[in-house]
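Here the structure is laid out as structure tokens; the discussion comes afterwards.
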Amino acid sequence: MNDTKLVYLKNNERTIIQVGNVKFGNDFVVIAGPCSVESEKQMIKIAHAVKAAGANMLRGGAFKPRSSPYSFQGLGLKGLKILEKAREETSLPIVSEVLDTRDVAWMREYVDVLQIGTRNMQNFSLLKEVAKSDKPVLLKRGMYSTLSEWLNCAEYILSGGNPNVILCERGIRTFETYTRNTLDLSAIPAIKELTHLPIIVDPAHATGKASLIPSMSLAAVASGADGLLLEVHTNPKEALSDKEQTLTPKQFSELTKKIRDLKIFMEGLN
Ligand code: PEP
Ligand code: MN
């Protein structure tokens with residue numbers, strides 16, 4: 001039964017997903033930006049900074065899935081309008097999380113890629129709704145999910161009519177508490193064996209610690225990831241969410257340089 005699923009790799013034919021002028025599955029795509037869109041000034045400043053450091057796409061949450069109802073919930077529509085402005089200024093395509101089935105249809109006007117977060121990976125109503133969208137979907141791995149459960153969720157989107165799914169490994173819950181989650185690096189080559197879909201890695205939510213992000217990013221590159229998703233803020237200490245795992249533009253720029261060097265080194269090995 002399994003091999004009839006759309007999500008499985010057949011004849012080594014891989015899906016390439018074009019967003020703006022980057023191609024997931026072909027180019028190495030670096031997505032960067034703040035955890036949350038906080039204000040126009042903040043977002044535009046960060047957008048220019050990440051672009052200058054080599055980001056190919058911009059991220060920023062307008063709807064935030066917070067553990068506490070008292071934490072910052074995001075600016076909603078106002079945040080999306082700010083992202084639209086940041087795209088106009090930098091030409092970087094936008095990815096932002098959709099939390100609710102009622103928001104999928106109208107959000108397409110503001111974003112180039114719809115993100116489904118870890119907490120919603122198995123929200124089957126949301127998966128069926130984004131399956132009807134013409135926008136690519138960035139499907140994060142559920143924090144308690146096996147690869148098979150994750151791929152079944154991608155199958156919901158593919159079988160519902162949307163072939164453009166980008167998978168994102170963002171760490172899973174284990175007994176370890178030093179890190180926020182445990183980055184499952186083996187998921188990268190395993191996913192490549194199983195499916196034709198591109199896979200990117202989010203070392204920020206995986207580790208929860210800015211100090212661990214450079215090494216985990218390089219490990220993800222070496223493991224064959226198709227891209228990275230990183231949180232960057234001009235003043236991480238003041239960020240309204242995920243400040244501990246957020247890089248400064250300088251740290252981000254140093255990291256993108258190392259990524260470029262590692263990619264060149266890896267090409268020499270082939
Ligand atoms: C995010 O990207 O800011 C986010 C909330 O991610 P996750 O769903 O992986 O926790
Ligand atoms: Mn975050």
Side-chain angles (χ1 to χ4, degrees), residues 29-38 42-43 46 50 55 57-69 71-76 79-80 82-83 93-100 103 107 111-123 126-127 130 136-145 147 149-150 153-154 165-174 179-185 187-188 191 199-210 212-213 216-217 220 225 227-248 252:
V29 182
V30 179
I31 306 173
C35 180
S36 303
V37 181
E38 298 168 5
Q42 165 248 19
M43 193 65 226
I46 296 171
V50 297
M57 265 185 85
L58 193 59
R59 64 149 286 143
F63 295 102
K64 294 306 301 174
R66 304 306 299 281
S67 303
S68 163
S71 300
F72 178 59
Q73 301 286 309
L75 297 179
L80 292 166
I82 293 172
L83 284 170
I94 303 290
V95 57
S96 198
E97 180 166 357
V98 60
L99 285 182
D100 193 308
D103 299 333
M107 263 181 76
V111 305
D112 300 285
V113 173
L114 290 161
Q115 177 172 321
I116 303 248
T118 191
R119 295 160 187 83
N120 271 317
M121 185 201 81
Q122 280 187 320
N123 180 336
L126 193 55
L127 298 177
V130 296
V137 177
L138 180 71
L139 180 65
K140 288 198 161 194
R141 180 179 181 178
M143 63 179 94
Y144 299 108
S145 301
L147 298 185
E149 286 162 342
W150 189 14
C153 292
V165 177
I166 303 146
L167 299 167
C168 179
E169 161 63 38
R170 50 79 68 207
I172 48 175
R173 282 263 168 106
T174 65
T179 46
R180 184 174 179 182
N181 292 283
T182 296
L183 179 61
D184 181 7
L185 282 169
I188 307 161
I191 282 289
I199 175 169
I200 67 164
V201 172
D202 168 359
H205 294 87
T207 62
K209 285 185 160 67
L212 304 182
I213 290 174
M216 289 301 95
S217 298
L228 287 167
L229 184 143
L230 295 159
E231 291 186 326
V232 179
H233 195 291
T234 41
N235 189 359
K237 283 192 201 80
E238 299 290 313
L240 293 181
S241 53
D242 287 349
K243 54 174 75 137
E244 303 82 4
Q245 62 192 43
T246 295
L247 303 177
T248 62
F252 175 67

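Atoms within each ligand, like the ligands themselves, are counted from 1 in listed order. FYI, the numbering just counts along the sequence from 1.
- Heavy-atom distances between M143 and ligand 1 stay at or above 4.0 Å for every pair.
- Protein N/O/S atoms closer to the Mn ion (ligand 2) than 2.8 Å number 4 in this structure.
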Candidate pair E231 and R59, rule salt bridge (charged side-chain N to carboxylate O under 4.0 Å, His left out), full reasoning: CA-CA 8 Å; E231 291 186 326; R59 64 149 286 143; 3.4 Å; yes
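- At least one heavy atom of E231 sits closer than 4.0 Å to an atom of ligand 1.
- Taking 4.5 Å as the limit, every side-chain heavy atom of K140 sits out of range of all side-chain heavy atoms of I116.
- The contact set between ligand 1 and K140, taken as ligand atoms under 4.0 Å from a residue heavy atom, comprises 1 (C), 2 (O), 4 (C), 6 (O), 7 (P), 8 (O), 9 (O).
- Residue contacts with ligand 1: R119 is placed with a nitrogen or oxygen under 3.5 Å of a nitrogen or oxygen of the ligand (distance criterion only).
- In terms of protein heavy atoms, atom 9 (O) of ligand 1 is closest to R170 NE, 2.6 Å.
- D184 places none of its side-chain heavy atoms less than 4.5 Å from the side chain of T182.
- Annotation for ligand 1: atoms under 4.0 Å from non-hydrogen atoms of C35 are 3 (O).
- A donor-acceptor pair under 3.5 Å is formed between the side chain of W150 and the backbone N or O of L139.
- Looking at ligand 1, you'll find an N or O of T118 within less than 3.5 Å of one of its N or O atoms.
- Only the side chain of K64 comes within 4.0 Å of ligand 1, judged by heavy-atom distances.
- Using a 4.0 Å cut-off to heavy atoms of G117, the atoms of ligand 1 that qualify are 8 (O).
- Atom 2 (O) of ligand 1 has its closest protein heavy atom at R59 NH1, 2.8 Å.
- Ligand 1 has no atom lying under 4.0 Å from any heavy atom of G61.
- Looking only at protein heavy atoms, the nearest one to atom 4 (C) of ligand 1 is H205 NE2, 3.4 Å.
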